[in-house]
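Indexing begins at 1, ligand by ligand and atom by atom, following the structure's order.
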Amino acid sequence: MPDRVSRELAGTRFGRVEWVAETGSTNDDLLAAARRGAPDGAVLVADHQVTGRGRLDRRWEAPPGSALLASVLVRPEIGVAVAHWMMAAAALALAEACETVAGVATRIKWPNDLVVERDGKPVKLAGVLADSILDGDRLAAVVIGVGCNLTWYPPDLDATSLAAEAGRPVDRDELLVAYLRALDGWYSRLRAGGVGELRASYVERSATLGRRVRAEIGDGPVIGAAAGIGPTGHLVIATSEGDVEVAAGDVIHLRPEP
Ligand code: BT5
């Protein structure tokens, strides 16, 4: 119900929501729009993506109408170093929305997965993908896409849907509104006061910190205790040879290590 959504988002920077039945990828569409000069706050929602993307050109799968698939375009006027925190803001905002709208508690698996915990194991509910357009060392634009399973999840993966967790259907528009309102709040706080509050909330919601992990990167695995998140969003892993910082862009997989 686009009209209701726009009404409920009035007063936030995300009031201009565009809907499409089908597209390749909402992130790709908003990146193209950003290059044509689209303003801060543009939102695109699709019922279906034919080529939905994850990180490192992985696929994001969702049958038509089964998920919240939404991207926002922001022009945050912050340094490149802070880009990670826009993705963190989206993950936190979506986590808050899942809680308020569906009563489902989620945690954030570094860097960009929203998970529920089952028998101490992360089960993926949603993913966040941030793409940046740079202007020197500034961020000219960031497109942040979220895919959140509502009724379907890939049966062959450790995954779940909001309906499965809530035990009832969850309204996509209600989730979208709650997500965009929460994101608007985090975005404002990030711009006004820096990453401090966001980082504290992200750390509090982390499914990764305090666990033993194995980060697969190009040069081989980094194994140790996930000890912290650095100022630019890197994961600090305490290994037997000292602390090693790994960047989201370099980590192919992050897995629990016994
Ligand atoms: C992500 O990547 O989790 C980010 C997903 C972002 C999707 C949104 S949808 C709107 C916007 N437009 C786009 O084109 N993308 C964004 P990553 O961490 O790389 O995880 C990808 C992996 O998650 C895949 O390789 C699968 O293993 C798994 N996966 C794919 N579809 C899934 C689903 N529906 N539920 C759970 N896991 C899934």
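If you check which protein heavy atom lies closest to atom 28 (C) of ligand 1, you get Leu157 CD1, 3.6 Å. Of the protein's non-hydrogen atoms, Glu61 N, 3.1 Å is the one closest to atom 31 (N) of ligand 1. The protein non-hydrogen atom at the shortest distance from atom 15 (N) of ligand 1 is Arg53 O, 2.8 Å. Here the heavy atom of the protein found nearest to atom 38 (C) of ligand 1 is Trp60 CZ3, 3.4 Å. Ranking the protein heavy atoms by distance from atom 23 (O) of ligand 1 puts Lys124 NZ, 3.3 Å first. What sits closest to atom 11 (C) of ligand 1 on the protein, heavy atoms only, is Thr26 OG1, 3.3 Å. Looking at atom 30 (C) of ligand 1, its nearest protein heavy atom turns out to be Arg59 O, 3.4 Å. Scanning all protein heavy atoms for the shortest distance to atom 25 (O) of ligand 1 gives Arg58 CD, 3.4 Å.
Taking NZ of Lys109 as the start and CG of Leu125 as the end, the distance is 13.5 Å to the nearest 0.5 Å. In this structure, Leu162 CG and Leu175 CG are separated by 6.0 Å, a value rounded to the nearest 0.5 Å.
Proximity of Asn112 to ligand 1, defined as any heavy-atom pair under 4.0 Å, is confined to the side chain (atoms from C-beta onward). For Ser71, every heavy-atom contact with ligand 1 shorter than 4.0 Å involves the side chain, none the backbone. Neither the backbone nor the side chain of Ala46 comes within contact range of ligand 1; no heavy atom lies under 4.0 Å.
Close contacts of ligand 1 with Val128, meaning ligand atoms under 4.0 Å from a residue heavy atom, involve 4 (C). Listed by number with element, the atoms of ligand 1 under 4.0 Å from a non-hydrogen atom of Leu129 are 6 (C), 15 (N). Using a 4.0 Å cut-off to heavy atoms of Asp113, the atoms of ligand 1 that qualify are 3 (O), 18 (O). Heavy-atom proximity to Gly52, at under 4.0 Å, picks out these atoms of ligand 1: 14 (O).
For atom 2 (O) of ligand 1, the choice among His253, Arg55, Gln49 with the nearest heavy atom turns out to be Arg55. In this structure, of Gly24, Ala159, Gly147, the residue bringing a heavy atom nearest to atom 8 (C) of ligand 1 is Gly147.
Remark: ligand 1 and Trp152 share no N or O pair separated by less than 3.5 Å (distance only, no angle test). The shortest N or O to N or O distance between Asn149 and ligand 1 is under 3.5 Å.
Checking Glu245 against His234 by side-chain atom types alone, a donor-acceptor pair falls below 3.5 Å. Using modelled atom types and a 3.5 Å distance limit, the side chains of Trp186 and Glu96 yield a donor-acceptor pair.
Not a single heavy atom of Leu56 sits under 4.0 Å from any atom of ligand 1.
Outside the 6.0 Å centre-distance limit, the rings of Trp110 and Tyr202 are not counted as a close aromatic pair.
More than 12 heavy atoms of other shown residues, nucleotides or ligands fall within 6.0 angstrom of atom CD in Glu22. For CG of Asp119, the number of neighbouring non-hydrogen atoms (other residues, nucleotides, ligands) closer than 6.0 Å is 12 at most.
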